[in-house]
Protein chains: 2
Amino acid sequence: MDVKYTFALRKIALLGGIDDYIAISSRELGDALGISQQSASKRILELLDEKLIVRDLGARRQRIKLTSRGVDEMRKEYNEYRRVFELTDHITVRGKVTDGMGEGKYYIGQPGYTEQFEKKLGFTPFEGTLNITVDKEDVSKLDMIKSTAGIVIDGFENEGRTFGNVIAYKARIKNIDCAIVAPERSHYSDVIEIVCHYHLRRTLSLDNGDQIDVKISL
Amino acid sequence: MDVKYTFALRKIALLGGIDDYIAISSRELGDALGISQQSASKRILELLDEKLIVRDLGARRQRIKLTSRGVDEMRKEYNEYRRVFELTDHITVRGKVTDGMGEGKYYIGQPGYTEQFEKKLGFTPFEGTLNITVDKEDVSKLDMIKSTAGIVIDGFENEGRTFGNVIAYKARIKNIDCAIVAPERSHYSDVIEIVCHYHLRRTLSLDNGDQIDVKISL
DNA sequence: ATTACTAGTAGACGAGTAA
DNA sequence: TTTACTCGTCTACTAGTAA
């Protein structure tokens, strides 16, 4: 992403283009960006080309707004700033214990993964994951976590099946070491999966719906 | 502020240069920024020139960190993002009622100010201000408020004394219209001064130390 | 009034290289 | 190894102007 695109995008967002269409001439945008009308016109064409904004080119005044791709780019930058200004060395997210679909157990059981967990996380995982539905107000923190490096658990093949890369993030629940795991290319979700050496449900006497804090290292 | 400076600044901050010196070669910074070693070296010189970073040029590895001016620039951008992602149309800050130094009363009493308050804020101020010490966790919100336009109350001269410009921000305390006022060029403070048509201390039966929410319009 | 083309130019970039 | 100079290229800008 070119810097000058995010700069223009941010100004458009500040002028209200993140929620809805805003009527703005290329001259006005140019003034806001400190560039000429001609350059602003070109910038708009570039942003359209990159599918960062959409335009409704009326007879007299064009109206533009960010696309979801545009909003995503902005959020990425916002998260970088949050890491700079809000962070120490960990983030705490709160959520409720939830039933998983039992899939975790199958994956975690694969020797190709377990060996790496031991080497890279420092514990052999209990066979099964604890699923937590993150509270609405903390979901944005998951973005911040995903924007950090994480520990790559390499994928492998076994009996003709392909197991993809998994990213792990070290965490602690009530001072017990554990890790959040997620497929490398996972789409948005408010559910996180926890692996741990212990059976967390039993060790901490957790039931579905129980509130729990997860402290994630960065 | 040139965009490319804030971009470089942000990467340096993310690499830890906001808290302390970080050792980073021009090649490494170039890689982080997606530019050549030569350009990164030039960028560092430009940032030094703008006093956005300071450098400790060791024999083998240079060490750099942001200056307070550099951090301020970053925070300005951070606040723009917060306005985009966190805001609706107001911010609520919480604080404790505090004794002022009686200065507010003298200033607010000046006809040069009161006439403008009436015209620009829609009320004649009670002679005196309510001081609130903002809670530590809400102090950063004051930055966000300062980064918005505010209403300019023009300065004037009276009997040889110069009264400077004042910036007012419309606010509400328990649904009573009021405004935060601050000298145009005020330095950092966690105390805000409130003007109101009513004597807020009496009207709301406030004592020093009482917790109070101030809802500030943006 | 708009948007956006063409053309000319300033300046940002990286390659080569010195220290 | 470093940092950072010079210099040639090429991009990104603005002015002029068409539609």
Side-chain angles (χ1 to χ4, degrees), chain A residues 1-18 20-67 70 73-74 77, chain B residues 1-18 20-67 70 73-74 77:
Chain A
M1 261 300 280
D2 200 316
V3 198
K4 57 186 197 287
Y5 293 163
T6 61
F7 183 65
L9 229 42
R10 184 161 85 240
K11 290 297 173 192
I12 295 167
L14 279 166
L15 292 165
I18 201 161
D20 201 359
Y21 281 99
I22 49 163
I24 187 169
S25 71
S26 52
R27 163 141 283 124
E28 288 167 331
L29 181 62
D31 288 345
L33 296 174
I35 59 178
S36 68
Q37 174 272 317
Q38 289 87 340
S39 297
S41 170
K42 193 150 177 282
R43 187 61 36 83
I44 288 170
L45 294 174
E46 290 163 348
L47 292 175
L48 285 167
D49 212 50
E50 298 279 338
K51 304 215 187 306
L52 294 167
I53 61 171
V54 283
R55 176 163 67 163
D56 164 17
L57 190 47
R60 299 197 66 79
R61 279 175 87 69
Q62 64 184 344
R63 300 189 316 134
I64 57 176
K65 72 167 179 181
L66 302 210
T67 60
E73 285 297 334
M74 296 276 300
E77 301 228 319
Chain B
M1 259 301 282
D2 200 315
V3 197
K4 57 183 196 289
Y5 294 162
T6 62
F7 183 64
L9 229 41
R10 184 160 85 239
K11 290 298 172 192
I12 294 167
L14 279 166
L15 292 165
I18 201 161
D20 201 359
Y21 281 100
I22 50 162
I24 188 168
S25 71
S26 52
R27 163 142 281 125
E28 289 167 330
L29 181 62
D31 289 344
L33 297 174
I35 60 177
S36 67
Q37 175 270 317
Q38 290 87 341
S39 296
S41 171
K42 192 149 177 285
R43 188 61 35 84
I44 289 171
L45 294 174
E46 290 163 349
L47 294 174
L48 285 167
D49 213 49
E50 297 280 339
K51 304 215 187 307
L52 294 167
I53 61 170
V54 283
R55 178 162 67 163
D56 164 17
L57 189 48
R60 300 197 64 79
R61 279 176 87 68
Q62 64 185 343
R63 301 188 316 136
I64 59 177
K65 71 167 181 181
L66 301 210
T67 60
E73 284 298 332
M74 296 275 303
E77 301 228 318

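Letters A, B, ... mirror the listed sequences (proteins, then strands); counts begin at 1. In this text the structure is predicted, and so the values were computed from the model without any measurement.
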Between CG of A/L33 and P of D/dC13 the distance, given in whole Å, is 10 Å
Here the pair of heavy atoms bringing A/R55 nearest to A/Y21 is C-CE2, 4.4 Å
With a 4.0 Å cutoff (strictly under), does any side-chain N or O of B/R27 reach OP1 or OP2 of D/dT3? no
note: B/L29, atom CG; C/dG14, atom P; distance rounded to Å ~ 12 Å
Rounded to whole Å, the NZ-P distance (A/K4 to C/dC13) equals 10 Å
Result for 5'-nearest mapping on DNA chain D, choosing between B/R55 and A/E46, is B/R55
Quick check: any donor-acceptor pair below 3.5 Å linking the side-chain of B/Q38 to the base of C/dG16? yes
From CD of A/Q62 across to P of C/dT2 the rounded distance in Å is 10 Å
Whole-Å distance, B/Q37 CD to D/dC5 P, equals 11 Å
Scanning both residues in full, the closest heavy-atom pair of A/A8 with A/L47 reads CB-CD1, 4.0 Å
Which is true for A/I44 with a 4.0 Å heavy-atom rule: it touches a base, it touches only sugar-phosphate, or it touches nothing?
-> nothing
request  = Using a heavy-atom cut-off of under 4.0 Å over every strand shown, decide if B/S41 touches base, sugar-phosphate, or nothing.
outcome  = base
Value for CD (A/E73) from NZ (A/K51), rounded to nearest 0.5 Å, stands at 14.5 Å
Rounded to whole Å, CG of B/D31 lies from P of D/dT2 at a distance of 11 Å
From CG of B/L45 across to C1' of C/dG11 the rounded distance in Å is 17 Å
In whole angstroms, the gap separating P of C/dA7 from NZ of A/K42 amounts to 15 Å
Heavy-atom nearest pair, A/Q62 first then A/S25, reads NE2-C, 3.8 Å
Taking only side-chain N and O atoms of B/S26, does any of them lie within less than 4.0 angstrom of OP1 or OP2 on D/dT3? yes
So NZ of B/K65 and CG of B/D20: to nearest 0.5 Å the spacing works out to 6.0 Å
